[in-house]
Amino acid sequence: MEVAQMRRGGETCFVLRAAAVVSYVVLLMASKGARAQMRVGFYDSSCPAAEIIVQQEVSKAVSANPGLAAGLLRLHFHDCFVGGCEASVLIDSTSGNTAEKDAGPNKSLRGFEVIDRIKARVEQACFGVVSCADILAFAARDSLALTGGNGYQVPAGRRDGSVSRAQDTGGNLPPPTPNVNQLTKIFASKGLNQKDLVTLSGAHTIGGSHCSSFSSRLQTPSPTAPDPTMDPGYVAQLGQQCAGASPGPLVPMDAVTPNTFDEGFYKGVMANRGLLASDQALLSDGNTALQVVTYANDPATFQSDFAAAMVKMGYVGVLTGSSGKIRANCRVA
């Protein structure tokens with residue numbers, strides 16, 4: 001329970017942030033209810049080929065384009081953080097509605113065609129059984145395993161939502177510039193703690209970011225005074241890569257092993273080579289900095305913690321039982 005302390009005229013009064021408490025309780029109750037209805041092997045009887053199909057299609061896609069592993073992982077994250085893990089990020093915009101995928105933070109998302117191919121095959125195998133939300137969760141797991149991450153079992157049984165609005169992304173998706181306190185609050189609103197924040201940030205060990213997401217760090221407050229938390233040599237390197245039109249090229253977030261899921265992200269942050277301001281900010285707080293150092297020096301702990309955090313994130317705001325539906329086409333509400 002969060003308590004805000006305010007001093008007025010020498011007196012101390014404590015004001016309970018009731019709305020936050022109610023939201024937390026509702027989220028906790030919903031999470032417990034969801035856990036009771038979701039399970040590993042959910043489709044073993046109703047669609048035994050489901051997870052095999054997902055793995056096959058993800059493997060083909062990542063073999064052809066290694067960057068899609070990070071794209072599929074990011075799709076699952078962006079879905080869960082806006083309205084819960086109910087596949088609303090996959091819904092296309094219509095003439096009367098701008099969907100989540102067309103909001104500013106989501107315009108660089110990749111992997112939609114992979115999900116389309118998976119869904120088409122799954123529907124042929126067992127019509128109307130497997131949700132788009134579960135396909136996203138399976139695809140993220142398989143992408144991780146294909147790039148060197150720990151495999152893990154995915155509790156399934158999610159159902160799909162029908163609402164996808166671009167405006168709902170505001171305040172829910174972490175921007176590239178917040179500090180640790182701001183990031184912690186965003187994660188807390190999803191039932192995730194600060195440890196989860198640092199752990200899931202490790203997803204940035206694969207994939208890249210466009211220059212527009214970090215270019216301000218290269219010339220703030222002026223071109224002669226770049227972000228002091230960034231290694232000067234790295235600033236110079238990025239300045240050359242990002243010279244030109246916005247949004248610029250896709251720059252690896254882990255310059256050493258950009259397509260391998262390892263502890264390289266944390267080593268980069270320790271060397272002041274975190275690409276995004278929000279990544280480098282993890283060193284500014286004692287607790288998060290300690291976790292960064294731990295993961296940089298203990299890859300096995302990072303891998304196991306990341307798998308556990310992905311399972312935990314997969315419960316955020318899920319629809320189960322009679323809630324939601326199974327969308328036949330992941331792009332259509």
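Below, all heavy atoms of this structure are taken into account, side chains as well, without hydrogens, waters or symmetry copies.
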Taking the side chain from [X] and the backbone from [Y], do they hold a donor-acceptor pair closer than 3.5 Å?
X      : Y      : value
Gln153 : Val40  : no
Arg327 : Ala87  : yes
Ser59  : Gln55  : no
Ser131 : Arg158 : yes
Arg159 : Ser322 : no
Arg110 : Gly67  : yes
Asn97  : Ser164 : yes
Lys325 : Ala333 : yes
Gln291 : Lys195 : yes
Lys119 : Val130 : yes

Answer yes or no: is there a side-chain heavy-atom contact under 4.5 Å between [X] and [Y]?
X      : Y      : answer
Ser284 : Asn179 : no
Met313 : Asp196 : no
Leu183 : Thr288 : no
Glu86  : Asp79  : yes
Leu319 : Ser162 : no
Phe112 : Asp92  : no
Val180 : Gln194 : yes
Cys132 : Ile115 : no

Other residues, nucleotides, ligands: >12 heavy atoms within 6.0 Å of [X] [atom1]:
X      : atom1 : answer
Lys312 : NZ    : yes
Gln237 : CD    : yes
Gln167 : CD    : yes

Minimum heavy-atom distance [X]-[Y], with the two atoms named:
X      : Y      : value
Gly274 : Met230 : O-CE, 3.9 Å
Asp160 : Ala133 : OD1-N, 2.9 Å
Thr205 : Gly264 : OG1-N, 3.7 Å
Ser88  : Val163 : CB-O, 3.3 Å
Leu73  : Ala203 : CD2-CB, 3.8 Å
Tyr43  : Asp134 : OH-OD2, 2.5 Å

Mind checking whether [X] and [Y] sit in one hydrophobic cluster, side chains of I, L, V, M, F, W, Y counted as touching below 4.5 Å?
X      : Y      : answer
Val318 : Phe138 : yes
Ile326 : Phe42  : no
Phe77  : Val311 : yes
Leu250 : Ile206 : no

Aromatic plane relationship, Phe261 with Phe302 - under 30° parallel, 30 to 60° tilted, over 60° perpendicular: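 If you compare the ring of Phe302 with that of Phe261, the planes turn out parallel.
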Plane angle bin for Phe265 and His204 - parallel if under 30°, tilted between 30 and 60°, otherwise perpendicular: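 Taking Phe265 first and then His204, their aromatic rings stand perpendicular (interplane angle over 60°).
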At what distance, to the nearest 0.5 angstrom, does [atom1] of [X] lie from [atom2] of [Y]?
X      : Y      : atom1 : atom2 : value
Phe81  : His76  : CZ    : NE2   : 10.5 Å
Asp102 : Ser93  : CG    : OG    : 3.5 Å
Asp142 : Ile52  : CG    : CD1   : 11.0 Å
Leu275 : Ser213 : CG    : OG    : 8.5 Å
Phe214 : Asp227 : CZ    : CG    : 12.5 Å
Cys330 : Leu90  : SG    : CG    : 5.5 Å

Side chain to side chain contact (heavy atoms under 4.5 Å, CB included) between Leu72 and Leu75, intermediate numbers included: CA-CA 5 Å; Leu72 290 167; Leu75 264 183; 4.2 Å; yes
Among Asp298, Asn297, Asp305, the one residue meeting side chain to side chain donor-acceptor pair (under 3.5 Å) with Thr301: Asp298
Pair Thr199-Tyr295, side-chain hydrogen bond (donor to acceptor under 3.5 Å, both in side chains): steps then yes or no: CA-CA 9 Å; Thr199 304; Tyr295 286 160; 2.8 Å; yes
Audit row: Thr169, Glu100, side-chain hydrogen bond (donor to acceptor under 3.5 Å, both in side chains) steps and yes/no: CA-CA 7 Å; Thr169 61; Glu100 287 174 35; over 6 Å; no
Side chain to side chain contact (heavy atoms under 4.5 Å, CB included) partners for Asn272, two or more places apart: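 Side chain to side chain contact (heavy atoms under 4.5 Å, CB included) check on Asn272 returns Asp231, Gln280, Leu283.
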Which atom pairs, donor and acceptor, lie under 3.5 Å between side-chain atoms of residues 143-151 and protein residues at least two apart or in another chain?
residue : atom : partner : partner atom : Å
Ser143  : OG   : Ala139  : O            : 2.8
Thr147  : OG1  : Ser143  : O            : 3.1
Thr147  : OG1  : Leu144  : O            : 3.0

Side chain to side chain contact (heavy atoms under 4.5 Å, CB included) between Leu197 and Leu192, worked out: CA-CA 7 Å; Leu197 156 63; Leu192 301 171; over 6 Å; no
Non-neighbouring partners of Glu57 that pass side chain to side chain donor-acceptor pair (under 3.5 Å), sequence neighbours left out: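 In terms of side chain to side chain donor-acceptor pair (under 3.5 Å), with neighbours along the sequence ignored, Glu57 is linked to Lys60, Arg121.
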Worked verdict on Lys190 versus Asn172 for side-chain hydrogen bond (donor to acceptor under 3.5 Å, both in side chains): CA-CA 9 Å; Lys190 314 302 173 189; Asn172 284 306; 2.5 Å; yes
Electrostatic pair Lys267:Asp262 at N-O distance under 4.0 angstrom: no
Stepwise side-chain hydrogen bond (donor to acceptor under 3.5 Å, both in side chains) check, Thr257 with Asp254: CA-CA 6 Å; Thr257 54; Asp254 173 3; 2.8 Å; yes
